[in-house]
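Letters go in sequence order (proteins before strands), and every chain restarts at 1. Fair warning: this is a prediction, and the values are worked out from it, not measured in the lab.
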Amino acid sequence: MARIAPLSGFPEWLPQGRIVEQHVLDVLRHTFELHGFAGIETRAVEPLEQLLRKGETSKEVYVLSRLQELDEPGRPEREDKQLGLHFDLTVPFARYVLENAGKLSFPFKRYQIQKVWRGERPQDGRFREFTQADIDVVGSGDLPYHYEVEIPLVMAEAFGALREIGMPPVRILVNNRKVAEGFYRGIGLEDVEGVLRQIDKLDKIGPEKVGALLVDECGADEEQAKACLALAAISGSDASVITEVRALAESHGAVTELLTAGLAELEALVVAAGERAPGVVVADLKIARGLDYYTGSVYETVLVGHEQLGSVCSGGRYDTLASDGKNTYPGVGLSVGVSRLVSRLLSGGLVTATRAVPTAVLVAVSAEETRRDSDAVAAVLRARGIPCEVAPAAAKFGKQIKYADRRGIPFVWFPGEAGHGADGGAPGAEPAGPAGSVKDIRSGDQVDADPATWEPPAEDLRPRVVPAASPVR
RNA sequence: GUGGGUAUAGCUCAGCUGGUAGAGCAUCGCGUUGUGGUCGCGAGGGUCGCGGGUUCAAGUCCCGUUACUCACCCCA
């Protein structure tokens, strides 16, 4: 079939979209580095058994094999020899920490921006190949709680820096596994995982159906189901949330040691966030997170007005992910779904780039015999850091201008045309240099200029990422 | 993996109860012979996703298949 069809779930942006993505990546990296996170990159593959430690997600792993191996039918498929593409950056990072523990200094703060792969059904904002940007802090043996406060605040800062390009505000929703687990056990429910999974569906199917599911699937009675729903209904951005939860637990006689410990942590987070990033971090007791390795704070981040898109940045505290049996390296991290975020910024018409190419100046070519004059002008401009290109053909100037216009290139340079500027210098005043004239094709203004001294306005030097004029919906 | 919808030009889509494949936008050319955008005229571009079946005749009806898409599962 000669027809080329896009592969669903493997997003590719046009040049203009890539400029937006690149800007988002630059802002994230810059913010991470401002906070002292060191960048690393891990290999794209891990042994299958490493990846499967995460549990249920195992079915989503893409396994790697060589064509040649398919021709060896008798070959037993040994799981410990098989390689899979990583489906997140947390598991490879845990492996990396164990492998390099002797060479790292703890607490170790790293950021990691890479593609990951998941074999799921793609949907709007859900991909099979996508970019994640992670920050994590791991300690050796223990990890102070204050990092669970710091991590979301770093992200809040990064998202704050993206507001100026037209990204909507975010809400970082926080919960604490100890609170949830302590409460559920306190009221007599043992299937903590199951309850969390049902609670996670609240936004989609509503409290009635979740209540029914708790009874049917998790062995809860009516009273217990009601208590779980009551807990999940609590949210807020100040310490009153803690009081509320404690009161609810007391009324059900469900105050456990675990619950008390979790509440203390959640309170510290909410209070600190209220001071350092007011309005961004919200305690929300229905945030569950499916992954089973979280042990403390859990986070989810939604774009305000785009809640249906799902979380664009999630993570939490884990205590046993990286352990070699002797030493354990607890950590806390957050992961930005860059592809999901960027796809919405682009498809929602929220953000755009001022042009599709880096080029600020198109140097026109009068005739193929004089192309070298145009090349010379371009070389002088480039030496001064002005991105430029030379016209592809010595076509009529109208056509060359059109070439620039299509790509959003703001300036066209006409070599050796000094004196022809529409509103250029005084009549008869010949410029000294090799010169020419440069036209701003947006306004039509054309002036005589010398490539050794002329420069475009700062805002035209490179493509800028800006709020789009007309958001879709 | 489960269930629904869709598939016609580069893009967005028409095409009725079967009868020789269409529009708008985009592209290219000319008017305007070296300074674009407007306007006018014109041109190119399609094995109607793929395979089979029914029929004198299938873009249209039937079956299969693939891809896309939405929901579920799960998740960034």
Quiz item: In a check of side chain to side chain donor-acceptor pair (under 3.5 Å) between A/Gln112 and each of A/Thr42, A/Asp136, A/Thr90, which one passes?
Solution: A/Thr42
Practice problem: Answer with base, sugar-phosphate or nothing: what part of the nucleic acid does A/Gly125 contact at a heavy-atom distance below 4.0 Å? | Solution: base
Quiz prompt | Per A/Arg340 side chain, nearest of listed nucleotides B/U35, B/C72, B/C75 | solution = B/C75
Quiz prompt | A/Gln198 CD to B/C73 P, straight-line distance once rounded to whole Å | solution = 9 Å
Exercise. In whole angstrom, give me the gap between the P atoms of B/C63 and B/G18.
Key: 16 Å
Quiz item: Hey, does the side-chain of A/Arg121 have a donor or acceptor N/O within less than 3.5 Å of a partner on the base of B/C74?
Solution: no
Exercise. Look at the side chain of A/Asp405 and decide which nucleotide, out of B/C70, B/A76, B/G36, has an atom nearest to it.
Key: B/G36
Self-check item: Inter-nucleotide C1' distance (B/G46, B/G59), Å rounded
Solution: 11 Å
Self-check item: A/Glu99 atom CD, neighbour heavy-atom count above 12 within 6.0 Å
Solution: yes
Quiz item: What is the distance, rounded to the nearest whole Å, between atom CZ of A/Arg118 and atom P of B/G1?
Solution: 18 Å
Quiz item: Between A/Ser314 and A/Asp440, who's closer to the 5' end of RNA chain B by nearest nucleotide?
Solution: A/Asp440
Quiz item: For the pair made of CG in A/Leu213 and P in B/C74, what is the distance, rounded to whole Å?
Solution: 11 Å
Self-check item: Pairing pattern in dot-bracket form [Watson-Crick, G-U; both distances under 3.5 Å; | = partner strand] for RNA chain B
Solution: (((((((..((((.....[..)))).(((((.......))))).....(((((..]....))))))))))))....
Quiz prompt | Heavy atoms from other residues, nucleotides or ligands near CZ of A/Arg371 exceed 12 (cutoff 6.0 Å) | solution = yes
Self-check item: Between C1' of B/C74 and CD of A/Glu300, the distance in whole Å
Solution: 12 Å
Quiz item: What interatomic distance, in whole Å, is found between P of B/C39 and the corresponding atom of B/A14?
Solution: 26 Å
Self-check item: Steps toward side-chain hydrogen bond (donor to acceptor under 3.5 Å, both in side chains) verdict (A/Glu157, A/Thr31)
Solution: CA-CA 7 Å; A/Glu157 190 174 314; A/Thr31 308; 5.4 Å; no
Self-check item: Selected nucleotide, minimal atom distance to A/Val312 side chain, candidates B/A76, B/C68, B/U35
Solution: B/A76
Self-check item: P atoms of B/G4 and B/G40, separation to the nearest Å
Solution: 49 Å
Distances for protein N/O vs nucleotides 26-29 of chain B N/O pairs under 3.5 angstrom?
unit_1 : atom_1 : unit_2   : atom_2 : d
B/U27  : OP1    : A/Arg406 : NE     : 3.0
B/U27  : OP1    : A/Arg406 : NH2    : 3.0
B/G29  : OP1    : A/Lys399 : NZ     : 3.0

Quiz item: Between B/U69 and B/G29, how far is it from one C1' atom to the other, in whole Å?
Solution: 39 Å
Practice problem: Look at the side chain of A/Lys396 and decide which nucleotide, out of B/A71, B/U33, B/A76, has an atom nearest to it. | Solution: B/U33
Quiz prompt | Closest to side chain of A/Ser8, choosing from B/C68, B/A76, B/A71 | solution = B/C68
Practice problem: Using a strict 4.0 Å threshold on nitrogen-to-oxygen distance, state whether A/Asp460 and A/Arg442 make a salt bridge. | Solution: yes
Self-check item: Distance between P atoms of B/G5 and B/G44 (Å, rounded)
Solution: 40 Å
Self-check item: Pairs meeting criterion side chain to side chain donor-acceptor pair (under 3.5 Å) with involvement of residues 125-135 of chain A, two or more places apart
Solution: A/Trp117-A/Glu129, A/Glu120-A/Arg126, A/Gln132-A/Ser335, A/Asp134-A/Ser335
Exercise. Could you measure between the two P atoms, the one in B/C41 and the one in B/U60, and give it in whole Å?
Key: 36 Å
Exercise. Answer yes or no: is there an ion pair linking A/Glu150 with A/Lys109, defined by an N-O contact shorter than 4.0 Å?
Key: yes
Exercise. Remember a base hit wins even if backbone is also touched, and classify A/Phe127 as base, sugar-phosphate or nothing at under 4.0 Å, heavy atoms.
Key: base
Quiz item: What's the CH2-C1' distance between A/Trp413 and B/G36, to the nearest Å?
Solution: 20 Å
Quiz item: Rounded to whole angstrom units, what separation is found between the CZ atom of A/Arg126 and the P atom of B/C68?
Solution: 15 Å
Quiz prompt | A/Asp88/A/Arg118 salt bridge by N-O under 4.0 Å criterion | solution = no
Exercise. Between B/A26 and B/G64, how far apart are the C1' atoms? Round to whole Å, please.
Key: 37 Å
Quiz item: Between B/A76 atom C1' and A/Leu345 atom CG, what is the distance in whole Å?
Solution: 14 Å
Practice problem: Look up atom CD1 in A/Ile113 and atom OH in A/Tyr111, then write down how far apart they are to the nearest 0.5 Å. | Solution: 6.0 Å
Quiz item: In this structure, are over 12 heavy atoms from other groups packed under 6.0 Å from A/Glu368 atom CD?
Solution: yes
Quiz item: Of all the choices, B/U35, B/A76, B/A71, which nucleotide is nearest to the side chain of A/Gln123 once you look at every atom?
Solution: B/A71
Self-check item: Member of A/Arg317, A/Lys178, A/Arg177 meeting the side chain to side chain donor-acceptor pair (under 3.5 Å) criterion with A/Glu265
Solution: A/Lys178
Quiz item: Can you tell me how far P of B/G36 sits from CZ of A/Phe411, to the nearest Å?
Solution: 18 Å
